[in-house]
S.K.: 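Before anything else, here's the structure in question.
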Amino acid sequence: MNLEALLAGRLAAAFAAVAGETVDPVVRQSQHADFQSGAALALARRLGRPPREVAAEVADKSDLAGLASVEVSGPGFLNLAVDDAVLATAVDALDDDRLGVPPVARPERIVIDYSGPNAAKELQVGHLRSTIIGDALARLHAWLGHEVIRRNHLGDWGTQFGMLIEHMVDLGGDAAEHSLGDLTDFYRAARRKFDADDRFRTRSRLRVVALQSGDELTRSLWRRLVGQTESTFMDTYARLGVTLTPADFVGESFYQDQLESVLSELDEKGLLVESEGALCVFPAGFTGRDGEPLPLIVRKSDGGFGYAATDLAALRHRVRTLGATRLLYVVGAPQRTHFRMVFEVCRRAGWLPPEVTAEHIEFGSILGADGKMFRTRSGDNVTLAALLDEAVERASSPAVGIGAIKYADLSGDRRSDYVFDWDRMLASTGNTGPYLQYAYARIRSIFRQADAAEAGPVSLGAPAERRLALALLGFEPAVTAAAAHREPHRLAVYLHELAVAFTGFYESCPILRSAGPTRASRLTLADRTARTLAIGLSLLGIDLPEEM
RNA sequence: GCGCUCGUAGCUCAGCGGAUAGAGCAACGGACUUCUAAUCCGUCGGUCGCAGGUUCGAAUCCUGCCGGGCGCGCCA
């Protein structure tokens, strides 16, 4: 149920009659009424007539019978008050698992690239936002009826693997296996040797060559290393409630045998330019430090392929082979220029046809209390595993602790940086995970004391009941807006508003202590709130405890 | 230097072309023999960085300036 769309549809005819052309009534929520339309103000100028006069004529010609009442207000707004009976019936109808939201008419095949940690390392706080935001977007779009293909673009290839594999060889089979249990230590030990020992460095370089040329022993060690880290990633994803599966792990290594053809196709299109020994594409409109054209380096001067080549291959593969109609890259804002260049090059290469859209879903950084990048006191990166441990400890509940972290991340505009603050995110009041979970837990408590079958038709008496009904009907616009803008916080903020409306209702309208039709109606309102919170938070990837 | 981005209440943030700019925290004052008070109600608090411009109307769009962040060739 989308009241805004319903009202806009009715008003559109009146606007068209007055304007002589199609006018978007821009129906929105308002403090002055249930909804308002400000379209008459803009229209009045075009018609050269007084705004209030235009608004009055639109109101007069509007057929809102059985839906709402309208009046002209202020400089020329149309204030809309939805009939109580309409609200009540609409809330009654929210009893299915989609809350009346139909699947999209034209499903797209959307590849969402998110998380993307480096194999042989642990998941860090630096991966948190991509993982959480990407997963929320995946859930949202899938729920709306799109075909979502998740892609975890692991850093599982590159020169550092020579060093790591050589270190495995040095340790020998069992010791290596054991050592991989702590990847941070394993990586550091390899790094130390690499920095200190010339001979080890030489062996590492040779090992890279062996890996690239497909040496069987080297490959099997590499597979073990990557496999081990993938399983630790899965452990953390499971704790975080992230929907990535091993089948979604398609790392950089997957594209290695496609890089030569990326190069040759670019060459055929005449896009490839040699510069300082490297093979580059110079997309128009990108300049560097001295105003000189900025290159996207496809093949480095040493003959190796860089990350840009892999990104190009991945994009081409996702469109050409996977058949994606939309590509979402959930990657931090600092890589904006890089992605703009990649997209531009792919457009010119014909890999990104006009009907396919590629979007960089950028996000800001997580800051510590000092306003700088979030780190441990000693300046190290914080591992996700440690962060989750602390969350569970502080909240003494996995659902609450981890939900708090995720909600804190998803409740603000993703483009903004935010300060990581345990006290604020775990607060039981305010725009927080625990506040929403608490509202839900209170409803569950009610239904442990009442039979769900007692719920009956909604009738709206008290102002708080009406406010809650209106809030419940705001779900569809919120979900739609969150998906359209790829901004999960639009849904999060809505859910908080719903919880606030519910709490107000809960405080002023006794449910179990009421009787008859009132009790039946209030139980339905509570039930619909619980459903909406449950579905809404599930779309954000946040669990709801039955009790708190 | 060039480019991108952000600057809203003491703090953390919504709002991003419409009516007196909204929440939460903090501060202060109230509400628990009452369905979970992990809550609620009230008060206090803002020249929406500054200056111009466009517009009937600007926190919202444009330009300049100030301040913060990020990016600018072989790392991803």
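Since the structure is predicted, the reported quantities are computational estimates derived from the model, not experimental observations. So that the names make sense, note that chain A is the first sequence line, chain B the second, and so on, each numbered from 1.
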S.K.: Kindly say if A:H338 contacts the phosphate of B:rC72, meaning a side-chain N or O under 4.0 Å from OP1 or OP2.
M.R.: no
S.K.: On the nucleotide B:rG3, are OP1 or OP2 found under 4.0 Å from the side-chain N or O atoms that A:T337 carries?
M.R.: no
S.K.: B:rA76 base to A:Q335 side chain: any donor-acceptor pair below 3.5 Å?
M.R.: yes
S.K.: What class does the angle between the rings of A:F249 and A:F233 fall in, given that below 30° is parallel, 30 to 60° is tilted and above 60° is perpendicular?
M.R.: tilted
S.K.: From the list B:rG1, B:rC75, B:rC74, which nucleotide is the closest neighbour of the side chain of A:A278?
M.R.: B:rC74
S.K.: Ignoring hydrogens and angles, are the base of B:rG73 and the side chain of A:S275 linked by a donor-acceptor pair under 3.5 Å?
M.R.: yes
S.K.: Do the rings of A:F161 and A:W222 sit parallel, tilted or perpendicular, given the 30° and 60° boundaries?
M.R.: perpendicular
S.K.: Answer yes or no: does a side-chain N or O of A:Q31 lie under 4.0 Å from OP1 or OP2 of B:rG22?
M.R.: yes
S.K.: Would you kindly check whether a donor in the side chain of A:Q437 faces an acceptor in the base of B:rA38, or vice versa, at under 3.5 angstrom?
M.R.: no
S.K.: For nucleotides 23-36 of chain B, just jot down a letter per nucleotide in 5' to 3' order: B, S or -, based on protein non-hydrogen atoms under 4.0 Å.
M.R.: SSS--------BBB
S.K.: Return the nearest nucleotide to the side chain of A:I297; candidates are B:rA76, B:rA19, B:rC74.
M.R.: B:rC74
S.K.: Does A:Y435 stack onto the base of B:rA38, taking stacking as ring centres under 5.5 Å apart and planes under 30° apart?
M.R.: no
S.K.: In the strands shown, is B:rC50 matched to any nucleotide by a Watson-Crick or G-U wobble pair with both distances under 3.5 Å, and which?
M.R.: B:rG64
S.K.: Choosing from B:rA76, B:rG15, B:rA19, which nucleotide comes nearest the side chain of A:S30?
M.R.: B:rA19
S.K.: Using heavy-atom distances to pick each residue's nearest nucleotide on RNA chain B, tell me which of A:S411 and A:Q36 is more 5'.
M.R.: A:S411
